[in-house]
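To start, the structure under review is shown below, and the notes come after it.
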Amino acid sequence: MVVQHYDSYETARQNAAKSDLVFPITTIKQNGTNHKIVGVPPDAPSELTRLSVSWRNATIPAPPSTGFRGTVSTATEQQFQTSTGKQVSVRVAPYKTDDSIFPHSWYVGTPDTVRSLGETNALLIQINKANEGGKLSQHGTISPSLFAYFLSGMQGVLRVLFAATVAASILILVVLYNITRMSVRDRLRSIIVIRSTGGTARRLIGVFALRAGLLALVGSVLGYAIGVIAIRAVVNIAIAAGMAISLDPTVTPSVARILLPMLSCVVGIGVLAGVLATWSTVMTPPSQLTQKHRGTSPAEKGQVPLLGVRIHPRLLSWRAVIPTTTTLTVFALLVILSGSLAGVLAPLATTSTGTVTEPGASYPMESRIESQYATALRDKGINASPEIIVAQVSDGNPYLARGANYTAFASVSDAKLVEGHPPQSSAQAVIGQDLAQTLNITTGDSILVGGSTSPAVTEVTIVGVYRAPGMLDDQLIIPLTTAHTLSTKPGVVHFIRTSGGSPNKFVDTQTAGSQSRKVVVSSVTAPNVTVVDQPTNVSFTVQNIGSSKRTHNVTASLGDARHHQSVTLQPGEETTIRTNLSVSQAGNYTLNVGRHSQPVQVYQRPPIVLPITPQQAPPGSQIAVSVQTITEKNVSGATVTIGSATAVTNEQGLALVQLPQTPGTYELTARKDGRTKTTQIRISPDASRRLFADIDVSPNTGSVYTKPEADIRIANPWGQPLTRDISLVTPLQTRNRSVTFPAYNMSTMPITLGASDSNSQIAPGEYTIKVVSNGTTIASDTYTVVGDERVRSTLAQNTQFSSGSGLGQAVELIFGNFRLLLVGMVALAGLTTIGSTTATFAQVVHARRRAIGIHRATGASQWQLLKILLGDVIRLSIPASILAILCALGIVYVMSFTEMLTIFGIQLSVTTDPFILVATGVGAFLLSCLSVSLAVLPFLMAEPTTLQSNSSNTSAPQER
């Protein structure tokens, strides 16, 4: 689907086709926090079935007839403030399903309800229009976007390949021009004869153009054959060396559709080179051709040294600077582009960072690991950032969104905010400086973010701009909670990036210290209060987290009381041990079981408590008062008084008490054997009857694999039945029921905190378990999940570590070993430069072969001539190299300005590193020297008389 945002609902309706869906949206405030509300039309389908995937249905939530749907456990009235400042009270009902194309943090209502709240924007959703006619939509955000991301990114690659083809065409033009120019010079006498006897210039140009075109065709075919052999050799060498490489020279029909037009282009360039090389000679009258091609050396023109330094070349011509600059410009261009690519990709492969992924995942985005593993890494002093990659295509531009906590992301990325602040809610995001330029957005702007592999969409507001090295600067950082709605389920990420410490030793191997703790105590259940000489029930679970059978001694102690037990467990086995410990003196003690400890208060005589007592009640109502000890034992025979009313508790510790008729505040007192407990009750006509609840989680602290039990008691102390919507909120799910509680009723419900799936885990942290009655929390308790040895062991067993970043691994998967790629590009640039520059100097030397022959005939040695020519090359190459670097930089800046250097949403920054520029200049100079040596070698090896004979052909006609 393609999702577009419009500032006006009416405008969206005007631009919508019949099959499109339009959803009005607006923003309201609750307690100072902004919330989105989306209006679902009555004719909207309940599910976009063609977009649904196995892990998420593309559901469009149905709105209630009145009010909203939202993230509430039960229907309740809530207060909101509209954009105009008006206060409204709206009934909010819970979602009926977890699947939705919209975030659950958004409220859902009818279009009329949304529009009644003030100014509205709109979302226009087009189905199955992301790739019409083979072209990606240039408007809106695509979801799911993974395929579109790669398709759009490859279009950027093709743009760069087009630029490379243009550069190759320039080299071909230079080479064939020089070769044809030498051919024309060698056949000058024949050209003079043909032109003098009536031959047309058009026919001569056609002959040389055809010859140059055939040279281009034969050269391309031979070059392709050599290239295939070279690539296969490189692939075999790389595989033998264990490098990642994905080059494949196999010609498929789709490849042929690219190669054939390129071949036609090359042949056309060859024909053009033949025309240009022949034109000036053929169009000149025959009588002037001999004089035109005699030429003189710079020395013959009387040129003298300047300030004692010879500036002008002795044998070669200054005209060679132009073709030399052209060929060296292509070399410098490839080197600068390679340097820019290295600057982007190098941070991805640095050994100072690493990535923890799922073993066996073919690429990082396929990996699925628990985000809580990051806690275990941080416990070892390693910076860790759980992250999710969400590929995006917005208005035809591909880019990467990354789900991460910005603070953790910055700690492993060397990122620094240059504007704004980190995200403070799920609807906020920060953006890299380069991506902000690419998308032309800044702080305060909003952007739609679509699901990568899930049919979903959300909107975030840019609240900050950051700067980071390499391609990390070309990404949008959204909160993990937002990324979960677009990609993976909560608690699961693609990978964890690290920096600092030794994560490879921690993840890939088990340290000696952890080897000694293969058997651990994972959970302990015991009361926090007890009585002197009374047995205290203690139970604890022992687990073998190692890979072999082990025997372990476990000790439980409370004061002077101790219990020792030896357990033998198979790999992965666990057992629960129960024992009783008692203390003979009152006081504060600590229960120790293995590495677990908790405080225990020991009483001589347990005090009494009133666990279920309303703070306010209607006049004349009757309530059931429960009297218990602090150890939760019912107290019978206790006297309960309030005002003039008195009652005695029965065997269940309950007393029915008649409350006063007169409004006011009264003291309710319970007494038994000298123990007293007093509380206050306010009698008011406005008081409502509410339920009472209590939650007892055991144990209060555990690991991610502990499944604690929660005993929930809900009491109706009133003398009439009460019907309420009850919600039980746990870390993994919320359960909703409508229940009728009889008068004076106590309901007990034990539950396990966790899902039915045995692999479900709760990430480390502190969680609140709540009982909600008609939207009001009536009881809560906390449960703490800590990272323990089990977590660290599982981290070692269920993950793998590799240096570099997750995207660095993906780059190597797509492009192969990019170091090898860059070296190959520079080497190819050097070879092509040698070939083209050699052809350039060969043409120049060919024009001066008569002067070379004279020097040889008058006693100059081959070495002396070579030194003269090298001196000329130095004079020509220095300005040519400088001009080449300046031209290459100009071309790269133009490519950057036209976004030709933006690939997969990543800007290839123009490198201005002085080291690279100097190295490029030195390399260009050395290539020029090597090229002239290769070009002049045939002339130095030839006999002087041969050179004179060849050159004399231009001045004396000969019979054919």
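- Of all heavy-atom pairs between Gly140 and Val2, the closest is CA-CG1, 4.0 Å.
- Put simply, the side chain of Val449 reaches to within 4.5 Å of the side chain of Leu486, judged on heavy atoms.
- Side-chain contact between Asn34 and Ile28 is absent, with no heavy-atom pair separated by less than 4.5 Å.
- With sequence neighbours excluded, the residues satisfying side-chain contact (heavy atoms from CB on, under 4.5 Å) with Pro63 are Val40, Val108, Thr110.
- Using modelled atom types, no side-chain atom of Arg368 and backbone atom of Val492 make a donor-acceptor pair closer than 3.5 Å.
- Using modelled atom types, one side-chain atom of Asn405 and one backbone atom of Thr407 make a donor-acceptor pair closer than 3.5 Å.
- Partners of Ser46 by side-chain contact (heavy atoms from CB on, under 4.5 Å), not counting sequence neighbours: none found.
- At a threshold of 4.5 Å between non-hydrogen side-chain atoms, the residues Ile389 and Phe495 count as touching.
- The main-chain N or O of Ser145 is never found under 3.5 Å from a side-chain atom of Ser452 such that the two would form a donor-acceptor pair.
- The distance from atom CZ of Arg13 to atom CG of Asp20, rounded to the nearest 0.5 Å, is 10.5 Å.
- Remark: the Arg497 side chain and the Ser413 side chain contain an N/O donor-acceptor pair separated by less than 3.5 Å.
- Asp473 contributes no side-chain N or O that, together with a main-chain N or O of Gly432, makes up a donor-acceptor pair within less than 3.5 Å.
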Go through the steps to decide whether Lys36 and Tyr107 satisfy the test side chain to side chain contact (heavy atoms under 4.5 Å, CB included), and finish with yes or no.
CA-CA 6 Å; Lys36 290 281 187 183; Tyr107 291 96; over 6 Å; no

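- Separation of atoms OG1 (Thr66) and CZ (Arg91) is listed at 7.5 Å; rounding is to 0.5 Å.
- Rounding to the nearest 0.5 Å places OG of Ser8 at 10.0 Å from CG of Asn15.
- Side-chain N/O atoms of Gln79 and Gln30 include no donor and acceptor closer than 3.5 Å.
- Residues Ile726 and Val771 meet the side-chain proximity criterion, which asks for heavy atoms closer than 4.5 Å.
- Ring planes of Tyr466 and Tyr406: tilted class, angle from 30 to 60°.
- Note that the CG atom of Leu21 and the CD1 atom of Ile60 stand 5.5 Å from one another [nearest 0.5 Å].
- By the 4.5 Å heavy-atom criterion applied to side chains, His494 and Ile369 are not counted as neighbours.
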Residues Val772, Thr76; criterion side chain to side chain contact (heavy atoms under 4.5 Å, CB included); working and verdict:
CA-CA 11 Å; Val772 181; Thr76 181; over 6 Å; no

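- Side chain of Thr26 to backbone of Ile37: no donor-acceptor contact under 3.5 angstrom is found.
- Formation of a donor-acceptor pair under 3.5 Å by the Ser116 side chain with backbone atoms of Thr113 is found in this model.
- Closest heavy-atom contact between Ala710 and Ile695: CB-CG2, 4.5 Å.
- Partners of Tyr399 by ring pair (Phe, Tyr, Trp, His ring centres under 6.0 Å), not counting sequence neighbours: none found.
- For the residue pair Ser385 and Glu387, a side-chain donor N or O sits within less than 3.5 Å of a side-chain acceptor on the partner.
- In terms of heavy atoms, Pro479 sits closest to Ser425 at CG-O, 3.4 Å.
- The 12-atom threshold is not exceeded at NE2 of His139, counting heavy atoms of other residues, nucleotides or ligands nearer than 6.0 Å.
- Using a 4.5 Å cut-off on side-chain heavy atoms (C-beta onward), Trp106 and His35 make no contact.
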If you apply the rule side chain to side chain contact (heavy atoms under 4.5 Å, CB included), what do you find for Leu728 with Ile769, and how did you get there?
CA-CA 7 Å; Leu728 176 62; Ile769 296 89; 4.2 Å; yes

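- Glu47 is linked by a salt bridge (Lys or Arg N to Asp or Glu O under 4.0 Å) to nothing, counting only residues two or more places apart in sequence or in another chain.
- Residues satisfying the ring pair (Phe, Tyr, Trp, His ring centres under 6.0 Å) criterion with Tyr9, sequence neighbours excluded, are absent altogether.
- Judged by distance alone, with hydrogens and angles left aside, the side-chain atoms of Ser100 form no donor-acceptor pair with the main-chain N or O of Pro61 at under 3.5 Å.
- Nearest heavy-atom pair, Val22 versus Ala122, reported as atom, atom and distance to 0.1 Å: CG1-CB, 4.3 Å.
- With sequence neighbours left out, Phe23 forms a ring pair (Phe, Tyr, Trp, His ring centres under 6.0 Å) with Phe102.
- Remark: the backbone N or O of Thr482 is not paired with any side-chain donor or acceptor of Thr458 at under 3.5 angstrom.
- Scanning all heavy atoms of the two residues, the minimum distance from Gln392 to Thr141 falls at OE1-CG2, 4.0 Å.
- Judged purely by atom type and a 3.5 angstrom limit, Asp781 uses its side chain to pair as donor or acceptor with the backbone of Val697.
- To the nearest 0.5 angstrom, Leu48 atom CG is 7.0 Å from Met1 atom CE.
- Looking at heavy atoms from C-beta onward, Asp7 lies in side-chain contact with His5 at the 4.5 angstrom threshold.
- Residues Thr481 and Ser426 share a closest heavy-atom pair of OG1-CB, 3.6 Å.
- A distance of 13.5 Å separates OH of Tyr149 from OG of Ser394, quoted to the nearest 0.5 Å.
- Ile447 places a side-chain heavy atom less than 4.5 Å from the side chain of Ile462.
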